[in-house]
Amino acid sequence: MGQSFYEQVYEIVRLIPKGRVTSYVAIARSLGAAKSSRMVGYAMRHGAEAHPPVPAHRVVNAQGLLTGKFHFSPPEMMEQLLENEGVTVEKDKVKDFKRIFWDPAVEL
DNA sequence: TTAATGACCTCCG
DNA sequence: TCGGAGGCCATTA
């Protein structure tokens, strides 16, 4: 695996099934860097403009909150994309987060 | 809410 | 050209 942490994050995020979501810590943990949860968000910021683009809207914080929605354009697009995939978002939070949660460390 | 944390990016020497 | 330090952040507890 000569890929960087970045690219590994991109890959996992792109593997997130439609209608599912995951958390930064889950991705980081699957890469063996559970303490680097912040880095995942950092990588995503680059990934948002990477090619191919990653479904960053499927990645939320540990509480299922769309903390990074303000980084989208427009910010409301994030929850709109989620709802478009069958994910219910209420008050910037993913409903039934635990139910639709997709853990790469388990699914993979 | 505040403090701590881990890795990336940019800048200067 | 290479090295080191500081700042930044879509987090977590």
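Excluded from the calculations below are hydrogen atoms, water molecules and symmetry mates; all remaining heavy atoms, backbone and side chain alike, are included. Quick note on labels: first sequence line is chain A, next is B, and so on, each numbered from 1.
- The minimum heavy-atom distance linking A:T22 with A:W102 is given by the pair OG1-O, 2.8 Å.
- At a threshold of 4.0 angstrom between heavy atoms, the contacts of A:F70 with the nucleic acid are absent.
- Taking the side chain of A:S37 as heavy atoms from C-beta on, and the options C:dT12, B:dG6, C:dA10, the nearest nucleotide is C:dT12.
- The CD-C1' distance, from A:Q8 to B:dA7, rounds to 14 Å in whole Å.
- Proximity of A:L82 to A:L66: side-chain heavy atoms (C-beta onward) are separated by under 4.5 Å at one or more points.
- Contact of A:Y24 with C:dA10 (side chain to base): a donor-acceptor pair of N or O atoms is detected under 3.5 Å.
- A 3.5 Å limit on both hydrogen-bonding distances identifies B:dT2 as the Watson-Crick or G-U partner of C:dA13.
- In this structure, A:I12 is a member of the same hydrophobic cluster as A:M44, with clusters built from ILVMFWY side-chain heavy atoms closer than 4.5 Å.
- Positionally, the nearest nucleotide of DNA chain B for A:R38 lies more toward the 5' end than for the other of A:Y42 and A:R38.
- The A:M44 side chain lies nearest to C:dA10 when the options are C:dT11, B:dC8, C:dA10.
- In the set B:dC9, C:dA10, C:dT12, C:dA10 carries the atom at the smallest distance from any side-chain atom of A:F72.
- Here A:A56 lies in heavy-atom contact (under 4.0 Å) with a base.
- Atom OH in A:Y10 sits roughly 11 Å away from atom P in B:dC8 (whole-Å rounding).
- Here C:dA10 is the nucleotide among B:dC9, C:dT12, C:dA10 with the atom lying nearest to any side-chain atom of A:T67.
- One interatomic measurement links the two molecules: CD of A:E76 to P of C:dA10, which rounds to 18 Å at whole-angstrom precision.
- Evaluated for a side-chain contact (heavy atoms from CB on, under 4.5 Å) with A:R58, the options A:E85, A:R14, A:R20, A:M78 yield exactly one hit, A:E85.
- Rounded to an integer number of Å, the gap from CG of A:D92 to C1' of C:dA10 is 13 Å.
- In this structure, A:Q63 places its CD atom 16 Å from P of C:dA10, rounding to the nearest Å.
- Contact annotation: A:N61 reaches the phosphate of C:dT12 (side-chain N/O to OP1 or OP2, under 4.0 Å).
- In this structure, the CZ atom of A:F5 is 9 Å from the C1' atom of B:dG6, given to the nearest Å.
- Proximity of a side-chain donor or acceptor of A:Y10 to a complementary backbone N or O of A:H51 within less than 3.5 Å is not detected.
- Here A:A48 lies in heavy-atom contact (under 4.0 Å) with a base.
- In this structure, A:I27 places its CD1 atom 12 Å from P of C:dT11, rounding to the nearest Å.
- Under 4.0 angstrom from either OP1 or OP2 of B:dT5 there lies no side-chain N or O belonging to A:S36.
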